[in-house]
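Naming convention: chains lettered A, B, ... in sequence-line order (proteins, then strands); numbering from 1 in each chain.
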There are 4 protein chains.
Amino acid sequence: MIVKAASRGRKRSSSATHAVCAAALLLARQLGPNRVTIEGIAAEAGVAKTTIYRRWPNAAAVVMDAFLAEIEPLIAYRRGHSVAETLRNALTDFARALDPGRRDLLRHMIGAAQSDPDLARAFWDNWIRPRREEGLAAIEAGGLSRDEGALLLDLVFGAFYYRLLIPYAEIDDPWIDALVRKVCP
Amino acid sequence: MIVKAASRGRKRSSSATHAVCAAALLLARQLGPNRVTIEGIAAEAGVAKTTIYRRWPNAAAVVMDAFLAEIEPLIAYRRGHSVAETLRNALTDFARALDPGRRDLLRHMIGAAQSDPDLARAFWDNWIRPRREEGLAAIEAGGLSRDEGALLLDLVFGAFYYRLLIPYAEIDDPWIDALVRKVCP
Amino acid sequence: MIVKAASRGRKRSSSATHAVCAAALLLARQLGPNRVTIEGIAAEAGVAKTTIYRRWPNAAAVVMDAFLAEIEPLIAYRRGHSVAETLRNALTDFARALDPGRRDLLRHMIGAAQSDPDLARAFWDNWIRPRREEGLAAIEAGGLSRDEGALLLDLVFGAFYYRLLIPYAEIDDPWIDALVRKVCP
Amino acid sequence: MIVKAASRGRKRSSSATHAVCAAALLLARQLGPNRVTIEGIAAEAGVAKTTIYRRWPNAAAVVMDAFLAEIEPLIAYRRGHSVAETLRNALTDFARALDPGRRDLLRHMIGAAQSDPDLARAFWDNWIRPRREEGLAAIEAGGLSRDEGALLLDLVFGAFYYRLLIPYAEIDDPWIDALVRKVCP
DNA sequence: CATTAATCGAGACGGTACGTCCAGTCTTTAA
DNA sequence: TTAAAGACTGGACGTACCGTCTCGATTAATG
């Protein structure tokens, strides 16, 4: 998370924090993620701008936090009988979790991270890395080496994000299946 | 390209167009691509804002045009004796063309395209698609089907862009080699 | 005046200027002069903030300009048969021109000038000095020396402003009469 | 003074009070009196904002208190052999007590009082009135009526403050001398 | 001697306004 | 018509302070 911390003095209002995150998500869906502004969030959440700036550095960080909090619980690795099955599960579960709104949000988060190192770091630490670690563990449990696993993940998740960001075609089950079969002979 | 056209009356000053592109690239390198503004370009290029708006819809489009004009000639497919060699050539040439400045620029263009459909279209039409077509042709010449080729490109270029955007690790020759060997047995 | 000037490009809208001054005076009367803000003026005048900032450096300068434009025509020296009569005329005319609203405005302008040199200069150049020059000329026409005239003006206008700023008592005709008789024997 | 009082419970820390006044004066000199803020004083004095608000209503009041406490002891009426001499003493002593820093402070206090009735009252009660009473007493002791004395004080102190606030010229001994001679024939 | 009321520091809170940047449009003069 | 110059409306920025409000910790007189 990006939220800053504090200790002495008056406690931070957690209701304000929640209101801000909720407002950020709402606006991201309503207006598109790149039209979310601090002033808009503040108005929607019934909170002062300063209260937001005290916790997050900019609007994209708020949206990132809200997005991560929302999506994190939705995805968990379902290990299969084989490495191929585990990969297939991960990809299809991921694809299903991404309704169009979340898909836009995710595309935008990655986009914003390209010009904001803090955001990039947050994204990597809170989204990519933990899922990658889980994936590597699952693959190692299937009997492959860690390097081999990294290569597999690069290939299939690379292709997945590629289609996510440069949308020349759909992400569907047959395509996922072909991907997995190609790299797990 | 994104540049709009015109015909009657005074001819458009092509020196102005070039000055604008040069200024856009300069500012993109100096300030980072996302801090390039129309006003900044206008001032740097010694040109009026209206002159820019007459040609491009927004600052990102200028940078995109300038970037594509700069990078396009740098990359051409070198076909090899086999599909694997062709892929390897394409990836290593690409990696070499991306000095850190251009790499940032490219990352940022992709990022910006995530929240600007026009930009996304321009990027797809002028950068991704032609290169993809070239790649497919090369693979078909190597005896594989078009669908098979599409899958190969998704996998290796997916992985490539994945590492480009989410930079947990370097893009180097051994890694490229491992990628290609994995998908071209 | 404090308004800045320009020449090439689009002409400055004089209707905007007038609307801003009118709004400034209105708000100064409604809320008290020190609660006039740029944002308030902009809203009241139906004008963008930038349009105001392009012409004036801050809210006090707008109010100053508006105040001077309003009050300047109201006061003109009426020369009398004697120096004493001229002074008395000047003071009573001044007192009558200051309805409570304008009196507050004047007090506030002087107050604000104490912590803003530009404002002080504008006040001196556009209000105090021209009136002082007129007064000196009238007194010289009455046969006194310039130095003598300066001393007279210091004394009677000093007393006048003193009572204006530190309001322990009223400014009325008998008091003015006593002042003048004291210094013009 | 403006300081509020209290009785039961923990005693107010007088060291805090002093620290606040000292900080207020320091900042008034360093930044100019109108840029003194409660937050600035609190930080400079190492004191919580609430501690200041418990005693004073706003920043100007703190500065006023600090200023009065500093300047009050510096000026005491020196009665002369004549009314003229007494006036001359008062004016020259006053002029001498006003080094440039204090002069700015005094100008600013008067300025601030123009848009803050409480401040105006405090200024009048603690600075102007006591000194005026002393002056009237001295003049009465010289054999003049109270009304006559009031007129004299209006004239000479009026002129004095006039030059203080609208600084077109210096306040020096010859000018003071001329003033006094003009009104005390 | 415990209670209790006031004070202290720290700092979060809802607000207002600031002055700036930039967007995209419009107007003016010159070429 | 296009170009440059620059004014226009407007949205949002991030900051500075305001005055108020919790907090938990002291500090003293009172019961």
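- At the phosphate of F:dT20, neither OP1 nor OP2 sits under 4.0 Å from any side-chain N or O atom of D:Lys49.
- One atom, CG of A:Asn34, and another, P of E:dC22, lie 18 Å apart when rounded to the nearest Å.
- Residue B:Thr51 is in sugar-phosphate contact alone, with no base atom involved, counting any heavy-atom pair closer than 4.0 Å across all strands shown.
- We find that NZ of D:Lys11 is positioned 14 Å from P of F:dT27, with the value rounded to whole Å.
- Atom CG of C:Asp116 is separated from atom C1' of E:dG19 by 15 Å (rounded to the nearest Å).
- Between the side chains of C:Arg12 and C:Thr17, not a single donor N or O lies within less than 3.5 Å of an accepting N or O.
- Nucleotide E:dT16 holds its P atom 17 Å from the OH atom of A:Tyr53, rounded to whole Å.
- Closest approach to the D:Arg12 side chain among E:dA17, E:dT7, F:dC18 is made by E:dT7 (side chain taken as heavy atoms from C-beta onward).
- Rounded to a whole Å, the CD1 atom of A:Ile52 is 13 Å from the C1' atom of F:dA12.
- Comparing A:Gly46 and C:Val36 along DNA chain E, the residue whose closest nucleotide (by nearest heavy atom) sits nearer the 5' end is A:Gly46.
- A salt bridge links C:Glu70 to C:Arg29: at least one charged side-chain nitrogen sits closer than 4.0 Å to a carboxylate oxygen.
- The minimum heavy-atom distance between C:Ile41 and C:Ala24, with the atom names listed, is CD1-CB, 4.0 Å.
- Going from atom NE2 of B:His18 over to atom P of F:dA3 covers 14 Å, rounded to whole Å.
- Panel note: side chain D:Glu39, backbone D:Lys49; no donor-acceptor pair is recorded below 3.5 Å.
- The nearest heavy atom of DNA chain E to A:Glu39 and to B:Asn58 marks one nucleotide each, and the one closer to the 5' end goes with A:Glu39.
- Within the 4.0 Å cut-off from OP1 or OP2 of F:dC8, at least one side-chain nitrogen or oxygen of C:Arg54 is found.
- In this structure, the CZ atom of A:Arg35 is 13 Å from the P atom of F:dC13, given to the nearest Å.
- When distances are taken from the side chain of A:Ala48 to each of E:dA23, E:dG14, F:dA4, the shortest belongs to E:dG14.
- Across the interface with DNA chain F, nearest-nucleotide mapping of D:Ala59 and C:Ala16 shows C:Ala16 to be the residue nearer the 5′ end.
- D:Ile41 has its CD1 atom 11 Å from the P atom of F:dC17, to the nearest Å.
- Residue D:Thr50 is in base contact, counting any heavy-atom pair closer than 4.0 Å across all strands shown.
- When the side-chain nitrogen and oxygen atoms of A:Arg55 are compared with OP1 and OP2 of E:dC13, one or more of them lie within a distance under 4.0 Å.
- D:Val36 approaches D:Ala59 most closely through the heavy-atom pair O-CB, 3.6 Å.
- If you check distances only, the side chain of C:Arg10 never reaches the base of E:dT28 with a donor-acceptor pair under 3.5 Å.
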